[in-house]
Structure formats: structure tokens, C-alpha cells
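Just the heavy atoms: all of them, side chains too, but no hydrogens, waters or symmetry mates, feed the values below. Owing to the predicted nature of the structure, the values given are computational and were not obtained by experimental measurement. Letters A, B, ... mirror the listed sequences (proteins, then strands); counts begin at 1.
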There are 2 protein chains.
Amino acid sequence: MALTAAIVAVGSEMLGLGREDTNGPHITERLLDVGVSTLSRVVVADDRRTLVSVLRAALDTADVVVVTGGLGPTCDDLTREATAQALDRGLRRDPAALDTLRQRFAHYGRTMAAVNEQQADVIEGAILLPNPIGTAPGQYLDLGAERSLFLLPGPPHEMKGLLESDVLPALRERAGGTVIARRQLRVAATGESDVEQIAGPIYSRVDNPRTTILSAAGDVELDFVATDISLEAAQDRADALAREVESALGARVYSDDGRRLHEVVAGLLAEQGRTLALAESCTGGLIAGRLTAVPGASTFLDRGFVTYSNASKAQELAIDPALIERHGAVSEEVARAMANGARRVAQTDVGIGVTGIAGPDGGTPEKPVGLVYIALAGLGGDIVRRCRFVGERERVRVQAVQVALELLRRALLGLPPL
Amino acid sequence: MALTAAIVAVGSEMLGLGREDTNGPHITERLLDVGVSTLSRVVVADDRRTLVSVLRAALDTADVVVVTGGLGPTCDDLTREATAQALDRGLRRDPAALDTLRQRFAHYGRTMAAVNEQQADVIEGAILLPNPIGTAPGQYLDLGAERSLFLLPGPPHEMKGLLESDVLPALRERAGGTVIARRQLRVAATGESDVEQIAGPIYSRVDNPRTTILSAAGDVELDFVATDISLEAAQDRADALAREVESALGARVYSDDGRRLHEVVAGLLAEQGRTLALAESCTGGLIAGRLTAVPGASTFLDRGFVTYSNASKAQELAIDPALIERHGAVSEEVARAMANGARRVAQTDVGIGVTGIAGPDGGTPEKPVGLVYIALAGLGGDIVRRCRFVGERERVRVQAVQVALELLRRALLGLPPL
């Protein structure tokens with residue numbers, strides 16, 4: 001029987017405008033890795049009555065309760081007191097913890113204000129978890145019958161430290177040898193429903209691995225999460241299903257190791273020693289921005305042009321102004337001329353050209369918003385794709401970036417073009 | 001006395017890998033607008049025992065409980081039953097709701113499976129909230145003593161519909177006429193602690209408006225949220241404090257209306273009819289990508305160069321290779337030559353040049369990772385800034401983008417440079 005968890009993040013600031021708790025999702029994910037599934041995740045204000053009530057519900061329903069935040073020195077830091085109250089246990093001030101606190105202050109040449117002493121308060125029966133990078137230690141309480149409670153500091157780097165050093169090792173042992181392994185497949189420039197239609201009949205037959213499908217503009221991610229008694233067995237399970245789905249999806253799969261499309265393409269360019277030049281109009285530098293996010297991009301990216309004006313297309317890429325006049329800046333002919341122009345000017349192996357109407361304005365019945373031409377020159381090919389993307393300006397642009405990168409990936413691998 | 005809320009999002013899928021509940025944060029924000037502050041926000045699995053326990057804690061602590069999800073037709077949809085149990089009330093099948101359901105299915109030419117009938121189950125004493133765009137209606141329960149409970153469907157567009165049409169109007173009335181207004185100030189290329197040092201002594205004196213400070217790479221946001229008995233009074237309060245803080249921060253404030261730095265700069269360029277050319281090395285197209293995110297960017301952005309190789313800097317921007325040889329590609333001299341070269345080649349009013357070491361490799365003791373030179377040519381000036389950014393590759397790049405845009409903003413407004 002797998003263990004269950006409740007995660008409680010304490011702090012009014014996370015219930016304000018534009019704020020989020022990032023600790024809870026991180027803990028959910030790491031707990032899954034040791035076979036513990038989360039039943040509830042709460043963000044709660046620095047309000048004693050609410051905190052006690054939320055903690056009681058957590059203790060009432062889950063095997064493992066992980067609380068983050070509210071362990072600092074101020075009067076808003078109620079986690080220790082509220083947890084003791086929810087458990088009907090006392091708090092004692094730990095002399096050794098108090099000493100450690102005092103030493104830490106002395107080390108930084110500061111005197112410790114009295115308010116800090118509460119950080120040495122320990123719940124009856126709890127073990128302190130030393131926090132090497134902050135003043136507030138964590139606490140661990142074995143509640144018997146496979147149940148346990150952890151109090152962790154709120155700052156993410158401190159929380160992560162104690163999660164890895166104390167919480168996960170304890171739970172890994174307790175989860176009775178159930179181990180989780182994952183595999184991820186990624187597909188670009190294909191709709192989520194198209195991926196699901198091919199992959200769904202395969203992965204929906206099995207419960208282990210569990211499969212999740214997530215999509216963003218021009219990108220679909222398939223996650224396979226398998227459990228078994230050993231890491232090898234779990235990884236084999238995840239890999240076997242991933243391989244089956246991958247063979248059905250074929251060349252559409254660009255990554256099985258978590259790398260994103262621009263990383264895969266950058267890796268191929270570097271590996272093959274190919275050089276690239278870009279000519280971007282509607283994507284306005286986004287392809288260059290993605291590829292240069294990869295360290296060492298200078299080995300393959302020679303240069304990029306953001307040719308927004310017609311004059312710049314003519315001057316920088318040596319495109320005949322009459323061609324633009326005749327077909328319009330958004331046309332198959334101009335996209336092709338951009339890709340070839342960039343490649344020729346920069347003397348690179350490959351050139352990419354993108355021109356389109358990202359919107360919201362500038363569309364016509366013949367050339368509507370979302371129409372984008374994407375061209376690739378070099379590597380033995382001269383390809384142009386006419387795409388009609390749906391969505392807002394930024395979504396149109398990101399989809400165009402994905403198609404351009406996918407065209408390039410396929411050309412580099414000698415796969416049939418999109 | 002302001003009302004308090006507990007928000008409960010029901011659905012195991014939101015506790016899986018990479019998934020998040022987006023309904024809760026949205027509801028928190030909209031409730032704040034009618035003067036209701038959230039005490040706890042929970043994501044809970046489709047598990048009856050956990051759900052009942054979480055709902056009891058919510059009902060026990062908050063005036064308003066808003067539950068989303070779990071109202072569909074499957075056996076995983078437990079919200080109706082669990083809520084009835086948490087309240088110790090019965091469920092009755094509503095004949096009118098059942099009719100509406102049957103009609104909806106008939107309208108789409110489908111027969112209704114028996115499992116769908118549970119969507120017509122209503123908690124004793126609850127009022128159904130018709131859902132014009134989905135099958136599952138919402139429910140509203142007046143619990144007396146200013147306390148109330150809402151069940152809303154999980155799909156965000158259905159939830160938002162009922163939130164606006166039913167939940168907020170009911171609460172706005174109940175919150176006793178308290179109204180919320182906001183004002184936001186944004187500052188670029190200045191550290192959060194620097195902003196806090198100037199603004200903190202002003203805003204920390206007052207409780208209303210409440211002030212929140214948020215920061216991202218090269219960008220700081222100050223939010224002022226005021227409550228009062230009328231929108232005008234609340235807006236006056238928020239504006240008065242914002243003005244006081246703004247006059248202390250001076251020219252550092254680039255926006256008081258929520259617009260981001262690239263939107264402000266794009267607006268100024270368009271307004272003033274100025275044209276721009278970019279020469280980016282370490283930012284690799286990110287400045288162009290940001291500015292072209294603004295619709296109509298073609299009116300001011302003539303072109304951009306991503307000059308990654310030394311050859312491209314020499315060829316495209318007519319920089320003397322000897323200058324690069326002498327000072328290195330990352331130098332004040334080359335940054336200045338890039339800005340001037342881009343401006344001259346494109347014949348624009350302004351040129352921007354950026355060259356630096358984004359890392360993680362390529363640093364030396366003299367030119368460490370994070371060193372970036374940012375130059376602006378034109379508008380009567382010829383400025384270079386030497387910056388030393390801290391953080392990972394992408395953070396270094398984004399900070400450089402912010403400084404470049406801020407230099408440009410100040411030049412366009414005739415303000416003293418950074």
C-alpha cells in the first residue's frame with residue numbers, strides 16, 4: 001500500500017496578488033519519486049485558527065504531512081505552536097538548539113534578539129533537523145502506524161536541502177521498496193489531439209506506467225511514470241511503454257530525455273559541425289533567442305537577421321525588391337529568398353527564413369492573421385512550408401519558431417520534411 | 001469586518017506531474033477585488049475521505065467557501081456527495097435540473113447515459129446556478145451568519161462565467177460596500193532592495209493601501225491595493241500612495257499602468273516616430289523578440305542583427321576587425337561600434353549594441369561571466385554602460401535586455417542616463 005501525503009505551505013504572502021507557492025508542487029513531484037502520492041496541497045494564511053484546522057484535516061487524512069514555512073522568528077511565524085496544538089502536544093525550548101542559534105548570530109557578529117528564541121521551540125517527541133543554510137531548523141515527528149510529520153523552513157533553497165537530506169530518505173525506506181521511474185517523449189509542430197489519437201490507444205491500455213499528456217504552443221509532452229519494486233524494473237516498465245508509443249509516433253518524437261526542441265537542434269548542429277544563419281520577420285528574433293539560450297551557441301550560429309522592414313530584407317539578404325513587390329513580403333517566394341539570402345550572405349551550411357502575419361492587425365482575406373511561411377535552404381534541400389496558426393500574436397510566433405526548429409531538426413537528421 | 005474565504009479545487013489530475021490549479025489563484029484575485037481575503041487555498045484529490053475532511057476545515061474557518069471541480073458525471077466526481085456529507089445535509093435529485101440536462105443532450109442529438117443524472121443532485125437548501133456553457137450547474141448555499149458556500153464547475157471558462165455572474169455579485173453586496181482599487185508601479189534595471197530602501201519607509205507607514213513588492217530579473221513591481229467604501233475613494237487612496245512612492249523613486253519608475261518595459265519603449269518609439277536598429281550579441285535576439293511582441297512593431301523597428309560571430313560583426317555592422325582584435329569582442333569599444341554600426345547601416349534614429357559573456361563558460365579573470373557592455377547611439381547621445389550581472393545564463397541575458405530597454409527609454413524621454 002503506497003503512502004499518501006498532505007502538503008501545507010504556511011504564509012499569507014502566498015495568498016496575495018500574483019504570488020504562488022512553489023514549494024508544494026516541488027514536494028509533490030519529489031514525493032512521487034519515492035512512491036508517495038499527494039492527496040491534498042494547501043496554502044494557508046498566518047492565522048492560528050485556520051492553520052490548526054488545516055493541520056488537523058491533513059493529519060486526519062494522510063500518512064505523511066509536510067509543512068513548509070512559518071518557522072521564522074516573528075510573531076507571524078505560527079507553525080510550531082499551531083502544529084503542537086493540532087497534535088495536542090506541548091512545546092519545549094531546546095537548550096542545544098538555542099546554543100546553535102546563539103552561535104550563528106555570534107558568528108555574524110550580531111546579538112540575538114529575544115524574539116529569535118522561539119526558533120528553538122520543539123514539539124514534544126520531535127527530532128530537530130539541522131538547517132545548514134538558515135536559522136530555523138526543521139522538525140520530524142514519528143506519529144506511529146507509518147504516519148509522520150515534517151516541518152520545513154519556507155525559503156525554497158532551505159526547504160529543498162532538508163527535503164533531500166531528511167524527508168526523502170526517511171520516506172524512501174518507509175514506502176516499502178516501491179520505486180518510481182519516468183520517461184518523457186516530446187513532439188513538436190503536431191497538435192495534442194493528433195498525438196493523443198496515435199498514442200492514446202497504446203498508453204490507455206495500461207495503468208502502470210501512468211501516462212500524462214501536456215501541451216504548449218507547438219509542443220506536446222508525454223510523461224510515463226512507472227512504479228515497481230526496483231529502480232531497474234520501474235525504469236524498464238516506463239521505457240517499454242515509451243518505446244512502444246515512440247515507434248507509433250515515429251519521426252515526430254524529437255526527444256526522450258527531457259531536452260527541449262532548441263536544445264536538441266543546437267546539439268545536432270554542434271555535433272555535425274554545421275553552421276546556421278537566420279532571417280526572421282514575424283518571429284522577430286525569437287528563433288535566435290531560443291538557440292542562443294544554449295551555452296556554446298557561437299559554435300553553430302553565425303548570425304541572425306531580424307528583417308522587419310522591406311528595405312532591410314532587400315539590403316541585408318540581397319532580395320530583389322521586385323520580388324517583394326510582386327508577391328508581398330508574406331509569401332512563399334520571399335520566405336525562400338530570405339532563407340537563401342541569409343545562408344549566402346553568412347556562408348553557412350543552412351539558412352532559415354520566416355515571414356508571416358502574427359496579428360492582431362495586418363490580415364487580409366487572402367493573407368489572414370496566422371499565415372506564416374517558413375523556409376529552409378541548404379543541407380541538400382530547399383523547403384518552404386505554408387502554415388496557418390491559430391491564436392494570439394505570441395502564440396502564432398511561438399508556433400512558427402517550433403515549426404522552423406522542427407524543419408531544421410528533420411533536415412539535420414535526413415528525415416522526411418514536415 | 002472583511003469577509004474571509006477558503007478555496008478548494010477538487011481533482012487528482014492537479015496533483016500530478018507538472019500540473020497546477022489555475023482556478024484558485026484566479027478566484028483569490030477576484031475575491032480581493034470585492035474585499036474578501038483568502039485564508040486558505042487547497043488542491044485535493046478525488047478521494048472522499050480527504051475531500052470531506054478538507055471541506056470541514058474550510059467551513060470551520062472561513063466565511064465563504066468556494067469549491068471548484070468534481071461536478072461532472074463520472075464516479076470520480078465526488079464534490080456534491082462530499083459537500084453534503086461535510087455539511088450533514090442530504091442530496092435530492094432536482095426534476096427541473098434533470099430536464100435541463102436531458103434537453104441539452106437531446107439538443108446535441110445524444111441520449112443521456114444514467115450516470116449523468118447525478119449532475120442534477122442538489123444539496124439540501126442549495127440554489128442551482130445555471131451554467132450556460134457546460135452540463136454541470138453550480139450550487140449556492142446560504143449558511144446563515146454571513147456564511148456561504150459555492151460549488152463551481154472545474155473547467156476554467158465555466159468557472160469564470162459563474163464566478164462573475166453569481167459569486168462576485170453576491171459577495172460584493174455582502175462585503176458591505178467595501179471596494180478595492182489598485183495601482184501598480186514598475187521599475188527596471190534597479191535591484192529589489194534598492195527599490196525597497198527608497199519606497200519601504202513610505203509604504204510601510206500605512207496599512208491601507210497594502211503594498212506588495214515583487215521582483216524578476218531586472219524588473220521590480222510595486223502593487224498598492226486600497227479598500228474604501230466607494231471605488232473613487234479606494235482609487236484615490238491607492239493613487240495617493242503610489243504618487244508619493246513614485247516621486248521618491250523619480251525617473252526610475254517606467255510604468256504606472258501595468259505596462260511592461262518593452263511595451264512602454266515601443267509606445268514611446270511609435271509616438272515619437274523614431275526608428276530603431278539593434279545589434280545583439282550575448283542577448284541573441286531577445287531584445288528584438290521582446291519589442292516585436294508589441295503589435296505594430298514594424299512602424300519603429302527597422303531591423304536587428306544577431307552578430308554572434310566576429311565575421312558577422314565586421315561584415316554586417318562595418319566594424320574594423322582590428323578594433324575587435326585589439327579590445328576583444330566583449331568590450332566598451334565594440335559595443336559602441338555595434339550600436340553605431342547598426343544605426344548607420346539601417347539609417348535609423350537610434351542604434352543599440354549589446355556584447356557580453358552570458359556564461360556558463362567563456363569567462364576570464366579580466367572578463368568574467370556576467371560582464372555585459374550595452375551601448376546606445378543616436379538621439380544626441382553615445383552611451384556605453386558596463387554591467388556585471390549575477391546569475392545563470394538566461395538571467396544574465398534578461399537583465400541585459402532590461403538595461404538596454406531602460407537606456408533607450410531614458411534617451412527617448414530626455415532623462416539622465418542610467
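- For B:D33, the side-chain hydrogen bond (donor to acceptor under 3.5 Å, both in side chains) criterion is met by B:R30, B:R182, not counting sequence neighbours.
- Contact annotation for A:R41: both backbone and side-chain heavy atoms come within less than 4.5 Å of a heavy atom of chain B.
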Next item on the list: Tell me, with the steps shown, if A:D63 and A:T4 meet side-chain hydrogen bond (donor to acceptor under 3.5 Å, both in side chains).
Entry: CA-CA 5 Å; A:D63 301 311; A:T4 58; 3.1 Å; yes
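- Interface remark: A:D60 contributes backbone and side-chain atoms alike to the contact with chain B (heavy atom separation under 4.5 Å).
- Using a 4.5 Å cut-off between heavy atoms, A:V294 contacts chain B through its backbone alone, with no side-chain atom that close.
- At a 4.5 Å heavy-atom cutoff, B:D361 makes no contact with chain A through either its backbone or its side chain.
- Contacts of A:A293 with chain B are made by both backbone and side-chain atoms, with heavy-atom separations under 4.5 Å.
- With a 4.5 Å cut-off on non-hydrogen atoms, B:L301 touches chain A through its backbone and its side chain both.
- Proximity to chain A (any heavy atom under 4.5 Å) is shown, for B:T38, by both the backbone and the side chain.
- The contact between B:R397 and chain A is made entirely by side chain atoms (from C-beta outward), counting heavy-atom distances below 4.5 Å.
- Proximity to chain A is absent for every atom of B:V52, based on heavy atoms less than 4.5 angstrom apart.
- Listed in order of number, the residues of residues 6-15 of chain B that approach chain A to under 4.5 Å between heavy atoms are B:M14, B:L15.
- Only the side chain of B:Q315 comes within less than 4.5 Å of a heavy atom in chain A; its backbone stays farther off.
- Residue B:R393 touches chain A through its side chain alone, counting heavy-atom pairs closer than 4.5 Å.
- Heavy atoms of A:A297 lying under 4.5 Å from chain B belong to its backbone as well as its side chain.
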